[in-house]
Amino acid sequence: MSKEIKTIGVLTSGGDAPGMNAAIRAVVRTALARGLKVKGILKGYNGLINDEVIDMDKKSVSDIIHKGGTILYTARCLEFITEEGQAKALETCKKHGIDGVVVIGGDGSFRGARDLVKIGVNAIGIPGTIDLDIACTEYTIGFDTAVNTAMEAIDKIRDTSTSHERCSIIEVMGRNAGYIALWCGIANGAEDILLPERYDNDEQTLINHIIEGRKRGKKHHLIINAEGIGHSTGMARRIEAATGIETRATILGYMQRGGAPTCKDRMFASVMGSYAVDLLCAGKSNRVVAYKEGKFVDYDVNEALEMKKDINEYEFNVSSLLSK
Ligand code: ADP
Ligand code: F6P
């Protein structure tokens, strides 16, 4: 059991995700309601290294639940991976009396949380990433907004693709994971979905599929390509040369990370934020908040980082069945 917590810090780390602000709000307001002091740590782990820490009260999180991005800013901070960086972070925690930190981010950020625990600071992780690539949880904050943003953009590309009878390759984010591509592929009725977890680089099969579709009277051919595969522009050039069908590539990019969070992202972020603070208040540390089988639960960070997850085979098969 850790010593009683009096002051907590909250930071956002890694790529930002819509709903992070709702999580920050929940952390701050739950902590205040439990009688704790709250510090906002700016720019991810950089804030701990460079002593960029602000006091937070109820008002500091007013009017942010509906906003994308993160009011605390975020960063990828390589210095925190070093012992020297962690020593500076410990000094900052001591200076501000921070005895527990809530880290909102992805797997990399949770490795940082584990290091905080190693140097004597309690830490709890909240899954915040548009990629949905955290194995211990069925939900990550930001995914729902990102797939809805991408889906709406792809609908628009579909319109013009049909008018011009073109083939369109749309590249979506997800780092090495194909969840955004799979969800948009199904939701947008794409003819092909290329996932890093499944794609075997067999471009000829893809080309044959496009030609067969055209022979059956298809007016467009939408290919959702995951960032983990990439090379959409080159792929478009090769497909056009092989099929004679005009082919265009669109890389959706950072628009997928911005915008007002959906209801689902706000709701999950709010519950997860409160849950994280309650874990700290209960003397827990080195835990990750997760959503599993309809419940909010928590896992040991080491166990969480060991877990693996994969694309659901049935969902992947449905996508090709429905777009025939
Ligand atoms: P995400 O959290 O979205 O997976 P990153 O992998 O970029 O994003 O990690 C975010 C930050 O977490 C890194 O920039 C670094 O500050 C910290 N971090 C990542 N890996 C480690 C590690 N092994 N030890 C300590 N900190 C880490
Ligand atoms: O993790 C979220 C994410 O948007 C990934 O989908 C993408 O690979 C990466 O971040 C991009 O990171 P950066 O903002 O550093 O370019």
Side-chain angles (χ1 to χ4, degrees), residues 9-20 23 41-50 52 68-70 72-90 92-93 101-119 121 123-137 140-147 149-150 170-184 195-197 224-232 251-259 265 286 288-289 301-302 304-307 309:
V10 55
L11 63 84
T12 47
S13 166
D16 64 347
M20 279 184 164
I41 299 159
L42 304 180
K43 307 173 195 170
Y45 291 104
N46 279 321
L48 284 179
I49 290 174
N50 303 323
E52 291 188 78
T70 157
L72 294 177
Y73 306 101
T74 186
R76 304 196 197 270
C77 166
L78 294 182
E79 195 181 348
F80 187 70
I81 299 173
T82 66
E83 273 183 26
E84 296 74 29
Q86 289 171 17
K88 288 185 197 165
L90 183 59
T92 304
C93 287
V101 177
V102 176
V103 173
I104 308 166
D107 273 345
S109 305
F110 297 162
R111 288 196 180 87
R114 184 170 62 181
D115 288 342
L116 275 178
V117 175
K118 280 190 199 143
I119 59 174
V121 182
I124 304 289
I126 294 180
T129 167
I130 63 165
D131 301 338
L132 196 72
D133 61 346
I134 300 178
C136 71
T137 182
T140 63
I141 296 165
F143 176 74
D144 191 56
T145 308
V147 284
T149 301
I170 300 123
E171 187 172 313
V172 296
M173 275 189 166
R175 207 186 288 227
N176 300 316
Y179 298 100
I180 298 178
L182 176 68
W183 276 59
C184 288
L195 308 178
E197 296 89 343
I224 309 298
N225 185 30
E227 175 190 23
I229 295 170
H231 304 289
S232 298
I251 298 167
L252 290 187
Y254 291 98
M255 65 176 295
Q256 294 162 94
R257 286 229 302 248
D265 275 327
N286 206 39
V288 176
V289 180
V301 173
N302 301 307
L305 290 172
E306 288 294 310
M307 292 180 191
K309 79 171 175 185

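Each ligand, and each atom within it, is numbered from 1 in the order the structure gives. Note that the structure is predicted; figures quoted are calculated from it, not measured.
The closest protein non-hydrogen atom to atom 6 (O) of ligand 2 is D131 OD1, 2.7 Å. At the shortest separation from atom 16 (O) of ligand 2 among protein heavy atoms lies Y254 OH, 2.4 Å. At the top of the distance list for atom 5 (P) of ligand 1, counting protein heavy atoms only, stands R76 NH1, 3.7 Å. Ranking the protein heavy atoms by distance from atom 11 (C) of ligand 2 puts R257 NH1, 3.6 Å first. With respect to atom 9 (C) of ligand 2, the closest heavy atom belonging to the protein is R76 NH2, 3.7 Å.
Polar contact check, C77 against ligand 1: a nitrogen or oxygen pair lies under 3.5 Å apart. Checking only distances, M173 never comes within under 3.5 Å of ligand 2, N or O to N or O. The distance criterion of under 3.5 Å between nitrogen or oxygen atoms is not met by Y45 with respect to ligand 1.
In this structure, K309 satisfies the cation-pi test against Y179, with its NZ or CZ atom closer than 6.0 Å to the six-membered ring centre and inside 45 degrees of the ring normal.
The closest non-hydrogen atom to atom 6 (O) of ligand 1, taken over G125, G108, G128, comes from G108. Taking all heavy atoms of A113, G105, S109 into account, the minimum distance to atom 2 (O) of ligand 1 is reached by S109.
The distance from ligand 1 to the heavy atoms of G112 drops below 4.0 Å at these ligand atoms: 25 (C), 26 (N), 27 (C). Those atoms of ligand 1 that come under 4.0 Å of a heavy atom in G14, given as number and element, are 3 (O), 8 (O), 10 (C). The atoms of ligand 1 that sit less than 4.0 Å from any heavy atom of F80 are 25 (C), 26 (N). Short contacts between ligand 1 and G106, defined as distances under 4.0 Å to a heavy atom of the residue, involve ligand atoms 1 (P), 2 (O), 3 (O), 4 (O).
Under the 3.5 Å distance criterion, with hydrogens and angles disregarded, no donor-acceptor pair is assigned to the side chains of D16 and T70. Donor-acceptor pairing under 3.5 Å is recorded for the side chains of N302 and R114.
Using a 4.0 Å cut-off between a side-chain N of Lys or Arg and a carboxylate O of Asp or Glu, R175 and E227 do not qualify as a salt bridge.
Ligand 1 is never approached by G44 to a heavy-atom distance shorter than 4.0 Å. Using a 4.0 Å heavy-atom cutoff, D115 is listed among the residues neighbouring ligand 1.
Aromatic ring orientation, W183 versus F143: perpendicular (interplanar angle above 60°, classes split at 30° and 60°).
The side chain of R175, and not its backbone, has at least one atom closer than 4.0 Å to an atom of ligand 1 (non-hydrogen atoms only; side chain from C-beta on).
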